[in-house]
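See structure below.
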Amino acid sequence: MISLKTPLCDILGISVPICLAGMGAKGKGTPPALVAAVSNAGGLGVIGGAAYGPEMLLRTIRETRRLTDRPIGVNLLMPSTKYNPGKGRDAVRAELTERFPEHVAFVAGLRERFGLPPVTIENDVAVSRAATSDSAALGAKGGPSSVYEEQLEIVFSERVEVIAPALGDCTPLVPRAHANGTRVVALAGTIAHGKRSFAAGADAIVAQGAEAGGHVGTVSNFALIPGMVDAVAPKPVLAAGAITDGRGLAAALALGAQGVWVGTAFLVAEECAVPEAHKQQIIAGRAQDFTANSVYSGSPIRGFRNDVIRLWEESGLEILPAIYQKVLMDDFNAAVEAAGRDDLHNNPAGQGAGNITAIRPAAEIVQTMVEEASVILRNLAR
Ligand SMILES: Cc1cc2nc3c(=O)[nH]c(=O)nc-3n(C[C@H](O)[C@H](O)[C@H](O)COP(=O)(O)O)c2cc1C
């Protein structure tokens, strides 16, 4: 078997160039068992820390450390007050009723259609995009920046080897991380964003194509990866988006990437704690069933086009500004959860789902990816 070890592996202290993407999903996307399994298999397990309040983040890191002594990472979203109005959910709901009655009636109709008793999330601070969706922590601590600072403090004091910032400018973060001996792997969906993180001194850039699950841009990987490799050379690039097997890994390496950042393929790992209904949507779904839409949060997220998204699109109703859309749909999601209807809940996942057919242990996913890529690259070299 030819070695797939790239210079990126030395930078991150790993033996195979495969990283588990940090996935928010309320802690269910990247639980300690999954993060540790990927690190133990030689890759880099990354905790999706964005939605964690400080205590939960600390507990998750320590639990992961108990399961592996290999390097791990934490993903955080850069703090933003852009969509955080600083008001409680009740205030946003009152505005919704007054200004957007048609939307409120439509979502009530959705609940009735699916037989979901109403559930109202308590009146905490409403957050659309911030350093955390743990809005109780946010309300108590006085804003996204202070929660982010606490998250960072934990990442540094726990000596987490890699921090992976996303959705924003990581310039202020990089020198602090380096002073702490923490590597910075910065996510970017455009070359301009990648260049900014490069200029800031990030150790590696994740080029996230439009095929990916979660928050996405519009540039696909065949265009994005080579462009990013050129733009940030000699810094290493990791490819993210629809990489589900050794063919994807080999292709990413051929395009100049030095590693891959994999989300959706690990959502169906045995160790992943997302609902079984979501795993089955990924296994049964076709690539085109995973669309970029703003129904659940007001900003584009690629995920499974379930009946809720289909009905919203058929209704012709416009998507509301982020904070209104999110508060409206958070209550709907709470009703969905209470009724055990995970099939109607937001299920962020990428187009690569079309190529995923089975639930497997994470170590097996890593191992077969490496073996397949190795065979492909050896055969191509003949
Ligand atoms: C369920 C889910 C949650 C995600 N949450 C985050 C997140 O919190 N922070 C982040 O930077 N990226 C997040 N992403 C994007 C991933 O980091 C990664 O770029 C993407 O999953 C790669 O594409 P793939 O899903 O096709 O493998 C998420 C993706 C998914 C599928």
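Read the numbers this way: they start at 1 and go in the same order the structure lists the ligands and their atoms.
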Proximity of A212 to ligand 1 by residue part, where a heavy atom lies under 4.0 Å: both
Min N/O separation E211 to ligand 1 under 3.5 Å: no
Neighbour count >12 (heavy atoms, 6.0 Å) for atom CD, E98: no
Nitrogen or oxygen of A21 less than 3.5 angstrom from that of ligand 1: no
T264 and ligand 1 - part of the residue with a heavy-atom distance under 4.0 Å: both
Side-chain H-bond candidate by donor/acceptor type, Y52 with Q151, under 3.5 Å: no
Worked verdict on V92 versus K326 for side chain to side chain contact (heavy atoms under 4.5 Å, CB included): CA-CA 10 Å; V92 178; K326 183 155 192 323; over 6 Å; no
Within-4.5 Å side-chain heavy-atom neighbours: H103 and W312: yes
Mode of L187 contact toward ligand 1 - side chain, backbone, both, neither (heavy atoms, under 4.0 Å): side chain
Close-contact set for ligand 1 against N75 heavy atoms, below 4.0 Å: 7 (C), 8 (O), 9 (N), 10 (C), 11 (O)
Lys/Arg cation over aromatic F332: R111, 6.0 Å, 45° cone: no
Within-cut-off N or O pair, G263 and ligand 1, under 3.5 Å: yes
Distance in Å, R89 CZ paired with I121 CD1, rounded so as to fall on 0.5 Å steps: 4.5 Å
Contact check, A265 vs ligand 1, heavy-atom distance below 4.0 Å: no
Closest to atom 6 (C) of ligand 1 among G241, G22, G48, A207 (heavy-atom distance): G22
Element-labelled atoms of ligand 1 that are located less than 4.0 Å from some non-hydrogen atom of A242: 24 (P), 26 (O)
Heteroatom proximity flag, M23 to ligand 1, N/O under 3.5 Å: no
Aromatic ring pairing Y296/H345, orientation class (parallel under 30°, perpendicular over 60°, tilted between): parallel
Contact atoms of ligand 1, heavy-atom distance to A166 under 4.0 Å: 11 (O)
Numbered atoms of ligand 1 (with element) below 4.0 Å of Q208, judged on heavy atoms: 15 (C), 18 (C), 19 (O)
Contact check, side chains of L311 and R113, non-hydrogen atoms, under 4.5 Å: yes
Test of proximity, P348 against ligand 1: N or O pairs below 3.5 Å: no
T30 (side chain) donor-acceptor with G48 (main chain) under 3.5 angstrom: yes
For ligand 1, the portion of L77 having any non-hydrogen atom under 4.0 Å away: side chain
Salt bridge flag under 4.0 Å for residues D289 and R305: no
